[in-house]
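Note that ligands are numbered from 1 as they come in the structure, with each ligand's atoms numbered from 1 the same way. In what follows, residues are counted from 1 in the order of the sequence shown. Quick note: numbers below take in every heavy atom, side chains included, and nothing from hydrogens, waters or symmetry partners. Fair warning: this is a prediction, and the values are worked out from it, not measured in the lab.
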Amino acid sequence: MRLWGGRFEGTTDERVAEFTRSIDVDRVLALDDIAGSIAHVHGLGRAGLLAPDEVETLLRGLEGLRSEVEEGSLAWDPALEDVHMNLEVALRDRVGPIAGRLHTGRSRNDQVATDLRLWLRRTIDGLDEAVLEMERALVRLAQRDGDAIMPGSTHIQPAQPILLAHHLLAYVEMLERDRGRLADCRRRANVSPLGSGALAGAGYPLDREETAAELGFDGVTANSLDAVSDRDFVAEALAAFALAMVHLSRLAEEITWWSNPRFGFVRVADSFSTGSSMMPNKKNPDPAELVRGRAARVIGSLTGLLALLKGLPLGYQRDLQEDKPPLFEAAATLEASLAVMAGMVETLTVDGERMRAAAGEGYTTATAVADALVRRGVAFRAAHHVVGTLVAEAERTGVGLDALDDTTIAAALAVSDDSVALTILGDSTLPGELRAAAGLEGALAGCDVLGGTAPRRVAAALAAARARLGL
Ligand code: ARG
């Protein structure tokens, strides 16, 4: 049975067979493996290493196998170690000993590297679509409820008011960068190792470029030793997956807080919540928590892969077989997390009034008041100090900045060392102007720069996102 058995006596110890086999994991590469084999057969035919009728026979056999894999009817034999051996033996069962010509000029080392690159390419294409869907979910929510005003925070303390749409669009930016990283990874991964052989290059004049083009690769790897040793593309993919998971995890974290009744900013739909086995009152945002938890696993996949590679000398080492479980698991986790978060976001109920009430707590418009003084010519540092004393006074008397009386405002300006502050303190229009700036709408409107939270800027950003996402 062992395709490499020529020099061996006796059978492989069952513990070794069990320990080394990978068929349960790598069978997901079957269609990629067959695609690679079909292209390789064409290449062998072009190089005159197979006669036209042999090409014909092998192709017919491989296409039959492809149908079996697609239908799920191919029986995987655990005794045959991995997907490559299984398919080669299944081909022999179909077409006879001529199957033994398929492996001409090919090693499992360049074969598995090819398969994995093909798998990653199509997986990234699927993930890209899933990231876009997640972006659409955020943009739809921003369209629906994005004009709610919420507290933006730093240090988890109230900082400045922002629009909910602004907050949601921040995640859209992160996800767009994730798409960029996936695309970068795909571009570097999309070269063909086929023809590299075991490590030194195939022993036949194969036209590697033509085979690569047939498989939709952008080119060929330039060094056969690198080609069989390299798993940079796996590390890059895992890094991109891990960062995307980190982004989802941050959103998940925010949703868990926002849905806490103390915040009450959002309600998670029942269909995206679970209950407690003991506490009848409980409604928990478990999907968000699990996204946060699974981000940890994907980070683990990345660090595990890097650890796997760091001590490997060049040339294929069997350690490399361990690249697949973390890669496959991480891709599946990211895909599922994107889908569940998209559903959760789209079904959130936003409580704009609770958000607005919270946005006004903690003197979040103080910066806007200082900005208003600066527009009157006061130095920013002096304005910061004046408004600081106003905040202290408002806190002492238990009012908002927009309710401070004229005398309090004049008194704060009077002790300033800024000459402009001293000249404007008698201006009767100033207190009203500062109180207006202290309102939420005034504060928002003031942040009128590209990328700022002023409603017209957010509206433009939302329109651009909608256009890009076809919404
Ligand atoms: N199952 C192996 C892997 O996933 C395929 C390559 C095996 N190559 C070898 N020389 N044993 O890495």
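- Within the 4.5 Å cutoff, the side chain of Glu335 has no heavy atoms near those of the Leu338 side chain.
- In this structure Arg144 satisfies the salt bridge (charged side-chain N to carboxylate O under 4.0 Å, His left out) test with no other residue, sequence neighbours excluded.
- Here the closest non-hydrogen pair linking Leu169 and Ala465 is CD2-CB, 4.1 Å.
- With respect to the salt-bridge test (charged N to carboxylate O, under 4.0 angstrom), the residues Glu88 and Arg106 do not qualify.
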Dump the pairs for me: ligand 1 N or O, protein N or O, distance under 3.5 Å, to 0.1 Å.
unit_1   : atom_1 : unit_2 : atom_2 : d
ligand 1 : 1 (N)  : Ser22  : OG     : 3.4
ligand 1 : 1 (N)  : Asp82  : OD2    : 3.1
ligand 1 : 1 (N)  : Gln321 : OE1    : 2.8
ligand 1 : 4 (O)  : Lys324 : NZ     : 2.6
ligand 1 : 8 (N)  : Asn109 : OD1    : 3.1
ligand 1 : 10 (N) : Asn109 : OD1    : 3.1
ligand 1 : 11 (N) : Arg108 : NH2    : 3.4
ligand 1 : 12 (O) : Tyr316 : OH     : 2.5

The test is side chain to side chain donor-acceptor pair (under 3.5 Å); show your working for His40 and Gln111 and say whether it passes. CA-CA 10 Å; His40 185 58; Gln111 187 177 0; over 6 Å; no
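- Once rounded to the nearest 0.5 Å, the distance linking CZ of Arg181 with CG of Asp184 reads 9.0 Å.
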